[in-house]
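Since the structure comes first, as structure tokens, the remarks are kept for the end.
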Amino acid sequence: MPTAPDSKTDYDFDGTLKYMRGWLFTLNHEQKLTDHVKVFANVGHSWRTGYKYNSSSNLKFDENGRFGSDNVSNAQQEVGNNTYAQFGLIGEFKTGVLQHEVTLALDRSWAKYWNNTHNSKKGTIGGDLYNGVIYASDFTIPELRNPTLQWDEVNTGVTLGDSMTVGKWNFLLAGSRKHEHFKNTVKGDLIENDNVLPTYGVTYKPTENVAIYAGHTESFSRGAVVSNDDKYVNKGETLEPSVSKQNEIGVKIKSKSGNTLTTLSFFDIDQQSVIDRELGNGLYSRGIDGREQFRGIELSLNGKPAKKWTYTGGLMYVNNERRKTAGGNHDGKFVNGVAKLSGVLGLVYEPDEKWSAMTRVIAVGPSHIDNAKSPTSDTKIPGYYTLDVGINYKTKLGETKATFAATCFNVLGRDYWFGRGSSTTFGLSAPRTFLLSATFDI
């Protein structure tokens, strides 16, 4: 892996632009009918559109940092439209010694996506990581093309759950039946799936300040549509849907003063593995290759050691591997771009009700990615750490509450590579970045 370059280096051309706009509407309401029955509704709609002209998000380079001849720039225009509605009923009652809280919910979502990506010809982008991009004299910025409908999706679900309490025990039993109606308009395929997804868990509180828990959840993901990009030989294809499963056991301990909370958990996550197979000449085939399993332990702490101080922190170790790959060729191998060890530690100081100051350290261990050209068949992404600081000020402008914030990310200006989970691509860090923001409650 070449040394990470100065993250302020420019890799784009004059005219690089990304523009996005949209709006979001949500409404959440809960209405009490009796002392033991209430109804709720959650609805929302979002719309977005935008376009961009830029160098490909995946610039290829060799072990010396020189850009290859396969790189392209692209122009992309897209539109997204999403609507969601959920209505439900919550009832409380007893059966013998069991106290029940039963929830019945009906939900439906509608989504459409339009896109068009237009790449430049290959061989017009040169240069290297450390000096930037050199564009050939015949380099031209691709033209935007009107987006076309890629897919149209309607999902319907029914969920029934019962949270039962007796003494120091709480039991959760829930199940969701999901129906997916997905039309891939690029290929003309209509895909329909029905799934029943269970959720169950148990919590035991031996004392008021200790809770021991275990749980199982499942979620359904429809098959992703391969990007309508010329680098994919199967562009526009719909991949197979999948069910992800997660098991977790843990313990939560609150101090007697109630000022600190410590959580220790063990987890096991199983999900589908989507990979890009390199075919040469800058071409790829995106497809499914088995499953990814993440088994690990996480420790998190947060609390107030003193009146004006608050700390939060976490440490996670995860052992990741691929399973059930084609022919078993990659069974037991690492998941691309996922570090085994990571952690965060933050501290907030509030001298009074108006002011607060924050500092945070994030550390991520090394990870690996597949690389057929490497003698070891993989490439190591070194670990890294960053330091952020910030300050908030709360005030009132007339009758309007306002919060002004100033934050500096990556204070030390460190340059580093970071992995992208389950991907053979990786990213370059952002340079030292300043952010000013204002929030108004009206």
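Everything numeric in this text was worked out from a predicted model, so none of it was measured.
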Review point. If every non-hydrogen atom of K187 is compared with every non-hydrogen atom of E237, which pair is closest and at what distance?
Key: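 Reported closest heavy-atom pair: CE-N, 3.9 Å.
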
**Study point:** Taking every non-hydrogen atom, the tightest pair across T424 and I369
**Key:**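 Of all heavy-atom pairs spanning T424 and I369, the closest is O-CD1, 3.5 Å.
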
Exercise for review: List in chain and number order the residues that pass side-chain hydrogen bond (donor to acceptor under 3.5 Å, both in side chains) with S423, two or more places apart in sequence or in another chain; answer none if no residue qualifies.
Suggested key: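 Here the qualifying residues are T425.
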
Got a donor-acceptor contact below 3.5 angstrom from the [X] side chain to the [Y] backbone?
| X | Y | answer |
| --- | --- | --- |
| N71 | K60 | yes |
| D12 | S55 | yes |
| N116 | N146 | yes |
| N195 | L197 | no |
| S120 | S73 | yes |

Practice item. Please lay out, stage by stage, how E292 and S422 fare under the test side chain to side chain donor-acceptor pair (under 3.5 Å). Key: CA-CA 9 Å; E292 297 173 348; S422 303; 2.8 Å; yes

How long is the span from the [atom1] atom in [X] to the [atom2] atom in [Y], to the nearest 0.5 Å?
| X | Y | atom1 | atom2 | result |
| --- | --- | --- | --- | --- |
| K394 | E353 | NZ | CD | 9.0 Å |
| I381 | W417 | CD1 | CH2 | 9.5 Å |
| F182 | I191 | CZ | CD1 | 6.0 Å |
| T203 | W169 | OG1 | CH2 | 9.5 Å |

Check your understanding: Between T16 and N54, does any side-chain donor sit less than 3.5 Å from a side-chain acceptor?
Key -> no

Count the heavy atoms of every other residue, nucleotide or ligand shown that sit under 6.0 Å from [atom1] of [X], and state whether that count exceeds 12.
| X | atom1 | answer |
| --- | --- | --- |
| K235 | NZ | yes |
| F267 | CZ | yes |
| E192 | CD | yes |
| D14 | CG | no |
| E240 | CD | no |

Residues two or more places apart in sequence or in another chain: which of them pass salt bridge (charged side-chain N to carboxylate O under 4.0 Å, His left out) with [X]?
| X | value |
| --- | --- |
| R277 | none |
| R323 | D270 |
| K8 | D6 |

Identify each donor-acceptor pair in which a side-chain atom of residues 329-339 lies under 3.5 Å from a protein atom, sequence neighbours left out, and give them as a table.
| from | atom 1 | to | atom 2 | distance (Å) |
| --- | --- | --- | --- | --- |
| N329 | ND2 | A326 | O | 3.2 |
| D331 | OD1 | K324 | N | 3.2 |
| D331 | OD1 | T325 | N | 2.8 |
| D331 | OD1 | T325 | OG1 | 2.7 |
| K333 | NZ | D370 | OD1 | 2.8 |
| N336 | OD1 | D370 | N | 2.7 |
| N336 | ND2 | D370 | OD2 | 3.2 |

Point to revise | Pair D268-F294, side-chain contact (heavy atoms from CB on, under 4.5 Å): steps then yes or no | key: CA-CA 6 Å; D268 183 338; F294 305 87; over 6 Å; no

Check your understanding: For S255, which of T262, T260, N209 qualifies under side chain to side chain donor-acceptor pair (under 3.5 Å)?
Key -> T260

Practice item. Take N81 and H45 through the test side chain to side chain donor-acceptor pair (under 3.5 Å) and record every step on the way to the result. Key: CA-CA 8 Å; N81 199 359; H45 181 78; 3.1 Å; yes

Review point. Can you list every ring pair (Phe, Tyr, Trp, His ring centres under 6.0 Å) pair that touches residues 218-244, not counting sequence neighbours?
Key: none

Check your understanding: Between K178 and D194, is a salt bridge (charged side-chain N to carboxylate O under 4.0 Å, His left out) present by the stated rule, with each step listed?
Key -> CA-CA 6 Å; K178 301 292 186 180; D194 291 287; over 6 Å; no

What donor-acceptor contacts under 3.5 angstrom involve side-chain atoms of residues 149-164, with partners at least two apart or in another chain?
| from | atom 1 | to | atom 2 | distance (Å) |
| --- | --- | --- | --- | --- |
| Q150 | NE2 | N115 | O | 3.1 |
| Q150 | NE2 | T148 | O | 2.9 |
| Q150 | NE2 | T148 | OG1 | 3.2 |
| E153 | OE1 | R222 | NE | 3.0 |
| E153 | OE2 | N155 | ND2 | 3.0 |
| E153 | OE2 | R222 | NE | 3.3 |
| T156 | OG1 | R108 | NH1 | 2.7 |
| T159 | OG1 | S176 | OG | 2.8 |
| D162 | OD1 | H100 | ND1 | 3.3 |
| D162 | OD2 | H100 | ND1 | 2.9 |
| S163 | OG | N170 | ND2 | 3.2 |

Identify every side-chain donor-acceptor pair in residues 306-317 under 3.5 Å, counting partners at least two apart or on other chains, and give the distances.
| from | atom 1 | to | atom 2 | distance (Å) |
| --- | --- | --- | --- | --- |
| K308 | NZ | P351 | O | 3.4 |
| T310 | OG1 | K304 | NZ | 3.1 |

Practice item. Kindly state each residue pair satisfying side-chain hydrogen bond (donor to acceptor under 3.5 Å, both in side chains) with at least one member in residues 427-439, sequence neighbours excluded. Key: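 Counting only pairs at least two positions apart or across chains, no side-chain hydrogen bond (donor to acceptor under 3.5 Å, both in side chains) contact touches residues 427-439.
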
Practice item. Dump the intermediate steps for side chain to side chain donor-acceptor pair (under 3.5 Å) on S7 and D415, then the final yes or no. Key: CA-CA 6 Å; S7 53; D415 303 314; 2.7 Å; yes

**Study point:** Which residues share a ring-ring contact (aromatic ring centres under 6.0 Å, His included) with Y51, sequence neighbours left out
**Key:** Y19

Review point. Residues in ring-ring contact (aromatic ring centres under 6.0 Å, His included) with H216, at least two apart?
Key: Y200

Point to revise | Set of residues satisfying side-chain contact (heavy atoms from CB on, under 4.5 Å) with respect to A214, sequence neighbours excluded | key: V202, I249

Check your understanding: When you check the gap from the basic side-chain N to the acidic O, do E30 and K38 get nearer than 4.0 Å?
Key -> yes

